[in-house]
Amino acid sequence: MKSSSIMLATLLASGVAMPAMAQTAAQATTVAAAAASSGAPAAPSPANAQLANLAAQDFGRLSVDGNTAFEELSLARQAIYDGDLDTAKKLIASAQTALETAKADNTAFQKAEDELMPTKTRQQPPRPLASTGKQVAWLPIDGELVLDETVEPTPEKSAALAAANRHLKAGNTARASEVLRVSSVDADYIIAAVPLEQTRNDVAQAAKFIKSNPYKASEALRDAENAVRYASVDIQGAGQQSAGAPTAPSK
């Protein structure tokens, strides 16, 4: 996961931060230009610009429809628990439609499962050997900034991080990057992703059994929820490093 982590760190440190909503590489470039004109860090070098473009094509976007589908399947499972099968059926059908849309939104990235993290915990055991697992399409459904585990939490840093996350959720990536830069806050960006095809199959199974066997439908939705994996990226405050020269994370 190291090369992808470098790309993501470059993307945010250079002012082309991780979007809260899916956006094209061209939009990411526009954000970078706006950030530069407003006094944000200087534009990255050609090499780093290339990495930024690759990141925009790989991990650089979140799937709005994927996020919607995941919320709906969670609500559907709750509806099954409440005995409201009609609502559960509608939510499952809506999740299926959203996943079909997400399949075509070009936000999925290819990784083996063992290259991602099973939990949000950022300290993971070292992987001395390259992954030999099968490459899978992962749909990025959510992302948030958290304080780097080496940083001593303070009210000021927590407030700055909360502000940066609000800007990310609103789609204002340049402002989120600026908040981290001005505050010199070292953070981790945690991406939540689901295996696209497995999730589609799980939801299809839920749709199949929702009337005849609600318990099996709930099991299929639980399998989809349990398949979430995470990617973690170090983002260093610009006050501790030169613009366009992010430190590669050791994840």
Side-chain angles (χ1 to χ4, degrees), residues 1 3-5 7-8 11 18-24 55-81 88-122 124 127 131-146 165 168-169 171 188-210 216-233 251:
M1 196 167 65
S3 62
S4 294
S5 295
M7 287 191 288
L8 281 173
L11 195 60
M18 293 296 300
M21 297 295 183
Q23 65 177 20
T24 63
Q57 298 168 23
D58 189 10
F59 282 105
R61 298 175 294 169
L62 302 182
S63 174
V64 177
D65 289 291
N67 179 273
T68 297
F70 199 76
E71 289 181 352
E72 289 175 333
L73 68 86
S74 295
L75 290 172
R77 193 175 176 210
Q78 181 62 47
I80 294 172
Y81 179 81
K89 182 178 180 181
K90 292 176 182 177
L91 287 166
I92 290 169
S94 182
Q96 283 185 294
T97 300
L99 284 171
E100 289 304 311
T101 304
K103 184 178 179 181
D105 69 10
N106 295 320
T107 59
F109 58 86
Q110 296 286 329
K111 283 290 172 187
E113 182 174 351
D114 62 0
E115 293 182 272
L116 301 178
M117 303 185 300
T119 69
K120 286 187 179 181
T121 303
R122 297 178 294 287
Q124 299 293 318
R127 300 188 180 100
S131 170
T132 58
K134 178 183 177 182
Q135 295 288 297
V136 174
W138 293 86
L139 193 65
I141 59 171
D142 201 7
E144 67 173 328
L145 289 161
V146 299
N165 270 316
L168 283 180
K169 294 298 183 184
D188 284 350
Y189 189 83
I190 308 294
I191 300 170
V194 295
L196 177 56
E197 292 306 318
Q198 179 184 327
T199 303
R200 291 177 66 237
N201 291 337
D202 288 337
V203 176
Q205 283 291 100
K208 177 181 178 181
F209 289 111
I210 185 58
K216 288 191 86 170
S218 181
E219 277 193 329
L221 296 177
R222 181 192 63 195
D223 289 343
E225 290 180 320
N226 290 341
V228 178
R229 295 295 182 268
Y230 302 91
S232 177
V233 183
K251 300 288 184 191

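No experiment lies behind these values; they were computed from the predicted model shown.
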Counting only N and O atoms by type, is there a donor-acceptor contact under 3.5 Å from the side chain of Thr68 to the main-chain atoms of Val64? yes

With sequence neighbours left out, the residues meeting side chain to side chain contact (heavy atoms under 4.5 Å, CB included) with Ala204 are Gln96

To the nearest 0.5 Å, what is the distance between CD on Gln198 and CG on Asn226? 9.5 Å

Taking side chain to side chain contact (heavy atoms under 4.5 Å, CB included) as the test, write out the residues that go with Ala206, two or more places apart. Ile92, Ala217, Ala220, Leu221

Could you state the interatomic distance from CD (Glu219) to CD (Gln205), rounded to the nearest 0.5 Å? 10.5 Å

Which atom pair, heavy atoms only, marks the closest approach of Ala193 to Phe109? CB-CZ, 3.9 Å

What pairs with Asp142 under side-chain hydrogen bond (donor to acceptor under 3.5 Å, both in side chains), at least two apart in sequence or on another chain? Lys169

Where do Ala102 and Ser63 come nearest, in terms of heavy atoms and distance? CB-OG, 3.5 Å

Among all residues two or more places apart in sequence or in another chain, which pass the side chain to side chain contact (heavy atoms under 4.5 Å, CB included) test with Val228? Phe70, Ala192, Val194, Tyr230

Residues forming a salt bridge (Lys or Arg N to Asp or Glu O under 4.0 Å) with Glu100, sequence neighbours excluded: Arg200

Nearest atoms (heavy-atom pairs only) where Ile141 meets Asn67: O-ND2, 2.8 Å

Quick check: do Leu99 and Leu139 have side-chain heavy atoms less than 4.5 Å from each other? yes

What residues, two or more places apart in sequence or in another chain, satisfy salt bridge (Lys or Arg N to Asp or Glu O under 4.0 Å) together with Arg229? Glu113

